[in-house]
Amino acid sequence: MVGLSEGEKHFIRGGIAQDLRADGRTKLQFRPVTVETGVIPQANGSARVRLGATEVIASVKAELGKPTVLHPDKGKVSIYVDCSPTAAPIFEGRGSEDLSAELSVALQRCLLGGKSGAGAAIDLSSLIVLEGKACWDLYIDGLVVSSDGNLLDALAAAIKVALSDTGIPKVNVSLNAETDGEPEVDVSDEEFLQFDTSSVPVIVTLTKVGKHYIVDATSEEESQMSSAVSVSVNRRGQICGLTKRGGAGLDPTVIFDMISVAKHVSQRFISLLDSEIAAAEAVMDE
């Protein structure tokens, strides 16, 4: 928890009420965002995203697996987040484990549509190699390096960028009668297919402070929140998931308004990420 004096708390709340936050931003303005790709050579795709003083890394590892009996036409994706104990004092001990679990569940809900994969923003059917026999399993790991608020949005952005950096090896599959119908899989070391991220959303968290809500809250602003609603939105403006934290209840009309604002703001955030991805790819090509 961020320790603030009563005067500092009043300053933060008063500034937000007047649409002028402590760092000079308006209520619906993001901090500067920077992106790097290919930061973990051993991964199939990786990215570092900095959102102000918040810094996170995401990596994607693809492994061949077998679809589940219940979903023979879908691949599998798992997301795990780790919070470095050096990222913030509250991450020491159990604080790190609890927050890691909370962020992992929230990302799962917003990006994968729950355990069944229904409503998944990541197209699980695109990970099938041979229905019922072979699929790609994607293991997505997020690491919080430095924390100054809005971790969920930063992690989702890093995952989106890491997926855009992900190359999945081309696979040739043949069925052999001598192996009881089990597929023989030849994985290419030279040809790779780019992962389609067109439907992968960003997450926009609206943090309610007093009677107002803001995007991209810093840790000091989050310490003054009553509740927060995180909405995942893709580039077509479709809602892919929603999660809420904080004990205070919200009127349904307020939630609908927050969703509407999130849809609008998300398109600006996606454009920012697109520009940063293009710049990062240009640097990698040099």
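Note that the structure is a prediction, hence the values are computed from the model and not measured.
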### Query
Going through the checks in order, is the side chain to side chain contact (heavy atoms under 4.5 Å, CB included) test met by Ser84 and Val144?
CA-CA 6 Å; Ser84 170; Val144 178; 5.9 Å; no
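- Each salt bridge (charged side-chain N to carboxylate O under 4.0 Å, His left out) pair with one or both residues in residues 26-49, not counting sequence neighbours, appears once here: Arg31-Asp148, Arg31-Asp216, Glu36-Arg48, Glu36-Arg50, Arg48-Glu55.
- For the atom pair OG (Ser219) and CD (Gln224), the distance works out to 11.0 Å, reported to the nearest 0.5 Å.
- The minimum heavy-atom distance linking Ala53 with Ser146 is given by the pair O-OG, 3.0 Å.
- Counting heavy atoms from C-beta outward, Arg25 and Ile214 have side chains that stay 4.5 Å or more apart.
- Annotation: side chain of Val233 is not in contact with side chain of Val204 (no heavy-atom distance under 4.5 Å).
- When hydrophobic clusters are built by joining Ile, Leu, Val, Met, Phe, Trp and Tyr residues whose side-chain heavy atoms come closer than 4.5 Å, directly or via intermediates, Phe269 is grouped together with Val56.
- Under a hydrophobic clustering in which Ile, Leu, Val, Met, Phe, Trp and Tyr are joined whenever their side-chain heavy atoms come within less than 4.5 Å, directly or via other members, Tyr80 and Val60 fall into different clusters.
- Hydrophobic clustering, with ILVMFWY side chains joined whenever heavy atoms are under 4.5 angstrom apart, keeps Ile159 apart from Ile57.
- To the nearest 0.5 Å, atoms CD1 (Ile79) and CG (Leu155) are separated by 9.5 Å.
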Does the pair Leu138 and Asn44 meet the rule for a side chain to side chain contact (heavy atoms under 4.5 Å, CB included), with working shown?
CA-CA 10 Å; Leu138 296 187; Asn44 291 86; over 6 Å; no
Kindly determine whether Ile140 and Leu111 satisfy side chain to side chain contact (heavy atoms under 4.5 Å, CB included), including the steps that lead there.
CA-CA 12 Å; Ile140 301 176; Leu111 299 181; over 6 Å; no
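- Using a cut-off of 4.0 Å between Lys/Arg side-chain N and Asp/Glu carboxylate O, Arg245 and Glu222 are scored as salt-bridged.
- To the nearest 0.5 Å, atoms OG1 (Thr34) and CG (Leu272) are separated by 11.5 Å.
- Residues Val229 and Lys208 form no side-chain contact, since every pair of their non-hydrogen atoms from C-beta on lies 4.5 Å or further apart.
- The line from OG of Ser271 to CZ of Arg235 is 8.0 Å long, rounded to the nearest 0.5 Å.
- The two residues Leu206 and Tyr213 make their nearest non-hydrogen contact at CD2-CD1, 4.1 Å.
- In Phe256, the CZ atom is not crowded: 12 or fewer heavy atoms of neighbouring residues, nucleotides or ligands sit closer than 6.0 Å.
- Rounding to the nearest 0.5 Å gives a distance of 9.5 Å between CZ of Arg109 and CG of Leu242.
- Side-chain contact between Arg236 and Ser199 is present, with heavy atoms from C-beta onward closer than 4.5 Å.
- For the pair Val231/Lys263, no side-chain contact is recorded, criterion being any heavy-atom separation below 4.5 Å from C-beta on.
- Hydrophobic cluster membership is shared by Ile270 and Leu28, with clusters built from Ile, Leu, Val, Met, Phe, Trp and Tyr side chains linked at under 4.5 angstrom.
- Taking 4.5 Å as the limit, some side-chain heavy atom of Pro169 sits within range of a side-chain heavy atom of Trp136.
- With hydrogens and angles ignored, the 3.5 Å screen pairs a side-chain donor or acceptor of Ser5 with a backbone N or O of Glu8.
- Contact detail for Ser46 and Asp165: the closest heavy-atom pair is N-OD2, 3.1 Å.
- Residues Ile12 and Glu221 meet the side-chain proximity criterion, which asks for heavy atoms closer than 4.5 Å.
- Cluster membership for Tyr139 and Leu163, using ILVMFWY side-chain heavy atoms within less than 4.5 angstrom, is not shared.
- Judged by distance alone, with hydrogens and angles left aside, the side-chain atoms of Lys76 form a donor-acceptor pair with the main-chain N or O of Lys66 at under 3.5 Å.
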Do Asp82 and Asp141 pass the side chain to side chain contact (heavy atoms under 4.5 Å, CB included) test, and can you show the C-alpha distance, the side-chain angles, and the key distance before you say yes or no?
-> CA-CA 8 Å; Asp82 187 25; Asp141 291 301; over 6 Å; no
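- Within the 3.5 Å criterion, the main-chain N or O of Cys135 finds no donor-acceptor partner in the side chain of Lys74.
- Residues Pro67 and Ala134 approach most closely at CD-N, 3.6 Å, considering heavy atoms.
- Annotation for Val202 and Lys160: closest pair CG1-CD, 3.8 Å, computed over non-hydrogen atoms.
- Of the possible donor and acceptor atoms, one in the side chain of Gln194 sits under 3.5 Å from a partner among the backbone N and O of Ser164.
- Rounded to the nearest 0.5 angstrom, Gln18 CD and Thr26 OG1 are separated by 14.0 Å.
- Contact check for Thr243 versus Ile203: no side-chain heavy atoms found under the 4.5 Å cut-off.
- Nearest heavy-atom pair, Val215 versus Val265, reported as atom, atom and distance to 0.1 Å: CG1-CG1, 4.2 Å.
- The side-chain hydrogen bond (donor to acceptor under 3.5 Å, both in side chains) test applied to Thr205 returns Asp153, Ser230, not counting sequence neighbours.
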